[in-house]
Amino acid sequence: MALSTNSSSVWKIAVVVPFLSLILIAGGCGSVKSSSTPTPTPTPQAAVSVTISAPTVSVQIGHTQSISATVQNDSLSKGVTWTLTGSGCTGAACGTLSATSSTSGAAIVYTPPVSVPSPATVTVTATSVADTTKTATTTITITATVTGSVAVSISPKRVGLTTGQSQTFAATVTSSSTTTVTWEVDTIPGGNPSVGTIDAGGVYSPPSSPGTHTVGARSVADSTVSATASVAITDLDGVFTYHNDNFRDGANTKEYALNTSNVKSATFGKRFACAIDAAAYAQPLWVANVAIGVGTHNIVIAATQHDTVYAFDADASPCQKYWSKSLLGSGETWVTDSDVGNTGDLVPDIGIVGTPVIDGAMKTLYVVSKSKNGTTFHQRLHALSLIDGSEKFAGPKDIAFSSGGVTFDPLRQNERCGLALVNGVVYIAYASHGDRPVYYGWVVGYNASTLAQTGVFNDEVGAGFGGIWMSGGAPAADSSNNLYVITGNGAFNSTSQFGDSFLKLPSSLAAPLSFFTPNDETMLKNNDTDLGAGGAAVLVDEPSSPVPHLLIGGGKDGRLFLLNRDNLGGQTSADGGAVQIVSVGNHIFATPAFWQDTVYLAPAGGHLQSFAFNTTTGKLASPSQSGQTFGLRGSTPSVSSQGSSNGIIWVIEAIGGSAVLHAYDATNLATELWNSGGTAGQSVKFTVPTVANGKVYVGTAGEISVYGLSPN
């Protein structure tokens, strides 16, 4: 041992033994510290477990059975080993297995013996290689070859489900004394989490991801005989707003149940209808997986001209109503056409006109009602619970304000447009009833959580006019929360008056960020040829196109304008600010739909047309069209697809007062897949079909008509 000191009174002791050295260092205060670090506490490992695809199964001699085992927490993927045993047999007399080991989830095949052992059951055991104490077993009953014809049927045969739904299937076995079946998903006994699982009672629980699957019922008496049903799973949260989203493209690309093969008269038609108390001018809205009634259900929301809102089960036949809510105050009733001067525009009653909007996360429906008490008129913004229709956020909020020396008139102003919910603000756009003055093209914003007013814009500061109708279309919005509307006939001066113009508005509703006004604006105004008879749609960004950010829309003069969203183009002598102008030959009272770089539009009295967008030139090609023509006001199309495939264009036509729903192949409009004939109710103008989870919902004058696949 050596002892040394230094001037700092720090001493060191070194003890040396073979293969081990320990150094202790102490400061002047006499403390001693070890250089070693604490040994970390090991992280406990999750326990291994084994599950098997078919805990019980029957196999007929001469046939085979697939079996798989899944090992949880098998970090090294060692899988399982397989053994086969029987109390009344040994070796080949029990049958054979195609493999003695497999990875987790991989199937092996059991082949029964040439004769039935006694007793007629064997056991297949899967043992985890990682932990041999963890096993799972399948009990197999071996049956003799069946003579005669066994038949199996399954019901329902076609099902559309959300990821939050389940479905009970029933199987019927005939020509056999053994009527039991084993259930499969995509030929996997019992299914698995990736394709969905099905229990012995036929209850199918879907996977968390969308797609299409096949549920099978296999006869125990004759395992070669089975029946199947198709199941389509969607992860669509809802159709929360007019024309599907704030782009107003009208496309539901998460529709897995409907395709160009099964939308035909043999398998598709009217399934049921839900009665309502007045006409539904508003587009029906659809919400998935709502905790309502007993359990979780998909619901469809309808709003009527008698100021009533309904929540129906979206799938139940016959129709099931969860709640209805009258938005009339004490002593009030809805407004009538005679109150607004017998315009004949909305006849006979006026209540909820514009399509509501839904905040799916907050489970809140925003809707504007119009009512009267004697000669006092009201418009109110309501925030309703989707669960029971109760008012939220201290609502309703009376729409009453003055701006720029002009006072809002709840009688003259017509809330014809759908509502828009953008970045926590509900936007309401206004026009008039049959051009009865005085009215203004207001856009008003309200905070979605407090119903406090956030901003006001008037497109016609002056004598009035400049209404925003868009044939029921809603303000569009881009990813930066800018709003886009098209105005009707009125004065224009490019600073405070914007009649017959496309407008890009900031979310604050301050002055327009840009505008486009046709050179012949004066003629449009004088001839009542409203540019804003149709709605605007934001096209998806096209990075490879000469103009990557586009807006499209048109009006009564039959011109479809393709505009640059970054700068709408102003007003020039030859409309040079437009990217492209296409004549469709007829009035436009519609919002275009957009899917797979194609624009779809049904002008008044014309054919349903499709315009392919060329990303190289940044322009629309010449149109292709349907064989049928559409009546006085044309129609706003909706699109359903499975991503980029199975596109279907859905359009409502008014024929002799009846609503007729049409379905066309989106890639070839000359191919009409199906139409409803006169099975829907009385038509209302500008209504839009809503497509979700294998069904199509159509608003009419007295019902919500529901179309879908035949279950059998």
Side-chain angles (χ1 to χ4, degrees), residues 240-242 245-248 354 356-357 359 361-362 364 366 368 379-381 383 393 395 397-408 413 415-431 439-462 466-470 473-488 490 492-499 501-517 532 535-538 541 549 551 553 563-570:
F240 296 138
T241 189
Y242 177 88
D245 53 38
N246 283 342
F247 292 166
R248 311 304 172 196
V357 67
D359 185 321
M362 296 176 65
T364 303
Y366 299 91
V368 172
Q379 290 198 43
R380 299 185 180 97
L381 173 62
F393 313 131
K397 174 78 171 183
D398 269 279
I399 299 174
F401 61 89
S402 294
S403 178
V406 179
T407 299
F408 176 82
Q413 298 288 168
E415 193 270 305
R416 187 64 185 92
C417 290
L419 302 185
L421 176 59
V422 183
N423 196 31
V425 177
V426 178
Y427 293 96
I428 309 168
Y430 282 99
Y439 68 91
Y440 300 86
W442 296 107
V443 182
V444 191
Y446 290 89
N447 184 288
S449 298
T450 66
L451 304 188
Q453 192 177 95
T454 62
V456 177
F457 171 76
N458 185 346
D459 70 23
E460 177 59 283
V461 179
I468 304 171
W469 283 276
M470 302 198 299
D478 61 24
S479 57
S480 298
N481 303 323
N482 301 305
L483 304 178
Y484 299 86
V485 297
I486 315 177
T487 68
F492 172 78
N493 63 14
S494 79
T495 57
S496 62
Q497 297 176 329
F498 293 95
S501 301
F502 286 79
L503 299 178
K504 178 181 181 178
L505 301 174
S507 57
S508 64
L509 299 181
L513 299 173
S514 66
F515 69 91
F516 173 81
T517 307
V538 170
D541 292 351
H549 306 133
L551 183 76
L563 305 175
N564 183 352
R565 296 200 312 268
D566 297 329
N567 181 358
L568 294 181

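Both backbone and side-chain heavy atoms feed into the values below; hydrogens, waters and symmetry mates do not. What you see is a predicted model; the values in this text were computed from it and never measured.
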Tell me every residue that passes side-chain hydrogen bond (donor to acceptor under 3.5 Å, both in side chains) with [X], counting only those two or more places apart in sequence or in another chain.
X: Asn481; answer: none
X: Ser496; answer: Asn493
X: Ser507; answer: none
X: Asp245; answer: none

> Mind checking what makes salt bridge (Lys or Arg N to Asp or Glu O under 4.0 Å) contact with Asp566, not counting sequence neighbours?
Replying inline: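 Asp566 satisfies salt bridge (Lys or Arg N to Asp or Glu O under 4.0 Å) with no other residue.
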
>> Test of understanding: with salt bridge (Lys or Arg N to Asp or Glu O under 4.0 Å), list the residues that count as partners of Arg565, not counting sequence neighbours.
In response: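 Salt bridge (Lys or Arg N to Asp or Glu O under 4.0 Å) check on Arg565 returns Asp541.
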
ring-ring contact (aromatic ring centres under 6.0 Å, His included) involving [X] - partner list, sequence neighbours excluded:
X: Tyr366; answer: none
X: Phe498; answer: Phe515
X: Tyr439; answer: Phe465, Trp469
X: Tyr427; answer: none

Per-pair distances, 0.1 Å, donor-acceptor, side chain in residues 443-453, under 3.5 Å, sequence neighbours excluded:
residue: Tyr446; atom: OH; partner: Gln453; partner atom: NE2; Å: 3.3
residue: Asn447; atom: OD1; partner: Ser449; partner atom: N; Å: 2.8
residue: Asn447; atom: OD1; partner: Thr450; partner atom: N; Å: 3.0
residue: Asn447; atom: OD1; partner: Thr450; partner atom: OG1; Å: 3.4
residue: Thr450; atom: OG1; partner: Ala452; partner atom: N; Å: 3.2

> Taking all atoms of both residues into account, what is the closest heavy-atom pair of Leu419 and Arg248, and its distance?
Replying inline: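 Looking at all heavy atoms of both residues, the closest pair is O-NH2, 3.9 Å.
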
> With sequence neighbours left out, what residues match Asn567 under side-chain contact (heavy atoms from CB on, under 4.5 Å)?
Replying inline: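 If we apply the side-chain contact (heavy atoms from CB on, under 4.5 Å) test to Asn567, skipping adjacent residues, the hits are Ser514.
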
